[in-house]
Amino acid sequence: MEQRHLGRTGLRVSRIGLGTLTWGRDTDEHDAADQLKAFWDAGGTLVDTADVYGDGEAECVLGRLLDSLVPRQDLVIATKAGSVPDPYRRFDGSRGHLLAALDASLRRLGTDYVDVWQIHAFDPVTPLEETLQALDLAVSSGRVRYAGVSDFSGWQLAKAATWQLAAPGLRTRLACTQMEYSLLQRGVEREVLPAALDLGVGLLPSSPLGRGVLTGKYRTGTPSGSRGASEQLATFVEPYLDEAASRIVHAVVTAADGLATTPLQVALAWVRDRPGVVAPVVGARNARQLSEALSVEALSLPDEICQALDDVSAPVHRYPDQDWSTL
């Protein structure tokens, strides 16, 4: 699998990442092992997790598979901290919480460092410089190799990345940001992606298949066993089952038919090759489903197909994103 630099850093990762959102909850250890082995065999390196996935079980499952199944040094392990199960405070970016969460993640993963550590979301009640100092302390202590953020808006990302760049050698630059990005959700193109491109921050798209909808499996209803039929994830899928999404899915299916491939591969190839994208993070129920996603390595979409998909999914961006003189 082709390797790409993670932002403006020396770290290289596979251009498809393996997601673990359902590990330890809907995906048991046997299926997780099959996925990790298939991913590694295909040349994949980037494995994405978080301390809250499965209430920590995703990290535990991954930790048990490291070395026993795949050599630790062959993988780029990325995890996150900052989300908390508190209805009154969903995110805690305080230095104390983040560093304690990192230590807990390392114990669950059974390793003394993670390759990429990300702040899971912006905390509006903690000074940003305090949150970012946790990244610096984690890197300087050797427990983290590279740092990033997740779900930061455009101004939040620009402020954080610029703050880190203001003291080279003392603060660690942001290597990446993880955001939802797909043909069904192109909001990052408004401000996040321009900021990331300008500041050398690589984009790791989550839900690159539109929460599964872009595979086309919801066109005639909700299949049993799908995320849309899951008690935990049904509300996650539902926003992408409207008429506007249906038109985009139809275009993806039409393109797949014309290219003799699958809608999954078309949708994944589109987002993988967008400017600024490093590696879409793909979550799968089993190794067979993951293998279909990994087979996209051989697919490059023709320019006319990319343009057609761009047109049918184009978000409306007017003032101030357009040149004001054209409005």
Side-chain angles (χ1 to χ4, degrees), residues 1-21 44-50 76-80 82-83 114-122 132 135 144-165 172-211 214 266-283 293 296-297 300-301 306 309-310 313-315 317 321:
M1 191 182 300
E2 181 182 320
Q3 305 288 303
R4 292 173 171 172
H5 283 278
L6 188 64
R8 209 167 292 159
T9 74
L11 179 63
R12 287 163 58 84
V13 300
S14 55
R15 63 175 181 169
I16 297 293
L18 175 61
T20 64
L21 174 66
T45 62
L46 177 63
V47 182
D48 178 77
T49 190
V76 176
I77 303 298
T79 193
K80 311 178 199 70
S83 289
V114 291
D115 300 279
V116 183
W117 190 44
Q118 300 160 93
I119 305 301
H120 210 156
F122 184 83
L132 295 172
L135 297 178
V144 168
R145 299 293 193 254
Y146 294 87
V149 296
S150 173
D151 290 321
F152 274 40
S153 68
W155 74 264
Q156 292 163 356
L157 173 63
K159 184 177 181 181
T162 302
W163 176 266
Q164 293 302 99
L165 290 172
T172 184
R173 73 176 302 137
L174 296 186
C176 59
T177 181
Q178 188 166 346
M179 298 288 291
E180 184 170 352
Y181 188 26
S182 73
L183 280 161
L184 295 182
Q185 179 51 270
R186 295 177 60 181
V188 295
E189 294 176 5
R190 182 176 174 89
E191 291 188 337
V192 173
L193 198 47
L197 285 165
D198 185 66
L199 293 160
V201 179
L203 180 65
L204 301 175
S206 58
S207 297
L209 299 174
R211 308 182 184 187
L214 286 166
V266 169
L268 188 55
W270 180 88
V271 72
R272 180 200 65 196
D273 295 332
R274 298 294 287 178
V277 167
V278 176
V281 177
V282 177
V296 77
E297 182 67 17
S300 293
L301 298 180
C306 287
L309 294 174
D310 288 355
S313 64
H317 289 170
D321 303 283

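Quick note: numbers below take in every heavy atom, side chains included, and nothing from hydrogens, waters or symmetry partners.
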So which atom in [X] and which in [Y] form the shortest heavy-atom distance, rounded to 0.1 Å?
X      : Y      : value
Leu301 : Cys306 : CB-SG, 3.6 Å
Ala175 : Thr9   : CB-CG2, 3.7 Å
Gln164 : Arg173 : CB-CA, 4.2 Å
Arg4   : Asp273 : NH2-OD1, 3.2 Å
Leu18  : Val281 : C-CG1, 4.1 Å
Val278 : Gly7   : CG2-N, 4.0 Å

Test side chain to side chain contact (heavy atoms under 4.5 Å, CB included) on Arg12 and Leu6 and set out the steps. CA-CA 6 Å; Arg12 287 163 58 84; Leu6 188 64; over 6 Å; no

Any side-chain to backbone donor/acceptor pair from [X] onto [Y]? Under 3.5 Å, distance only.
X      : Y      : answer
Gln178 : Cys176 : no
Ser207 : Gly210 : no
Gln3   : His5   : no
Thr162 : Lys159 : no
Thr45  : Ser14  : yes
Gln156 : Ser153 : yes

Start with the C-alpha distance between Lys80 and Asp48, add both sets of side-chain angles, then the distance that settles side chain to side chain contact (heavy atoms under 4.5 Å, CB included), and finish with yes or no. CA-CA 9 Å; Lys80 311 178 199 70; Asp48 178 77; 2.9 Å; yes

Side chains of [X] and [Y]: does their closest heavy-atom pair fall under 4.5 Å?
X      : Y      : value
Val76  : Val47  : no
Pro205 : Gln185 : no
Val282 : Ile16  : yes

For [X], enumerate each residue passing the ring pair (Phe, Tyr, Trp, His ring centres under 6.0 Å) test, keeping only those at least two apart in sequence or located in another chain.
X      : value
Trp155 : Phe122
Trp117 : none
Tyr146 : none

With sequence neighbours left out, what residues match [X] under side-chain hydrogen bond (donor to acceptor under 3.5 Å, both in side chains)?
X      : result
Thr49  : Thr20
Thr172 : none
Glu2   : Arg15
Asp115 : Arg72

Step-by-step side chain to side chain contact (heavy atoms under 4.5 Å, CB included) determination, Arg145 to Leu11: CA-CA 9 Å; Arg145 299 293 193 254; Leu11 179 63; over 6 Å; no

If you round to the nearest 0.5 Å, how far is OG1 of Thr79 from NE2 of His120?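 Rounded to the nearest 0.5 Å, the NE2-OG1 separation comes to 8.5 Å.
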
First locate atom OG of Ser206, then atom CG of Leu21, and finally report the distance between them rounded to the nearest 0.5 Å.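 Answer rounded to 0.5 Å: 9.5 Å.
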
Donor-acceptor contacts under 3.5 Å from residues 189-199 side chains, at least two apart:
residue, atom, partner, partner atom, Å
Glu189, OE1, Arg186, NE, 3.3
Glu189, OE1, Arg186, NH2, 3.1
Glu189, OE2, Tyr181, OH, 2.5
Glu189, OE2, Arg186, NE, 2.9
Glu189, OE2, Arg186, NH2, 3.4
Glu189, OE2, Arg274, NH2, 3.3
Arg190, NH1, Asp321, OD2, 2.6
Arg190, NH2, Asp321, OD2, 3.4

State which residues pass side chain to side chain contact (heavy atoms under 4.5 Å, CB included) with Ala160; sequence neighbours excluded, sorted by chain then number.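 Once residues adjacent in sequence are excluded, the partners of Ala160 under the side chain to side chain contact (heavy atoms under 4.5 Å, CB included) criterion are Leu128, Leu132, Phe152, Leu174.
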
Evaluate side chain to side chain contact (heavy atoms under 4.5 Å, CB included) for Leu214 paired with Ser182, printing each intermediate quantity in order. CA-CA 9 Å; Leu214 286 166; Ser182 73; 4.0 Å; yes

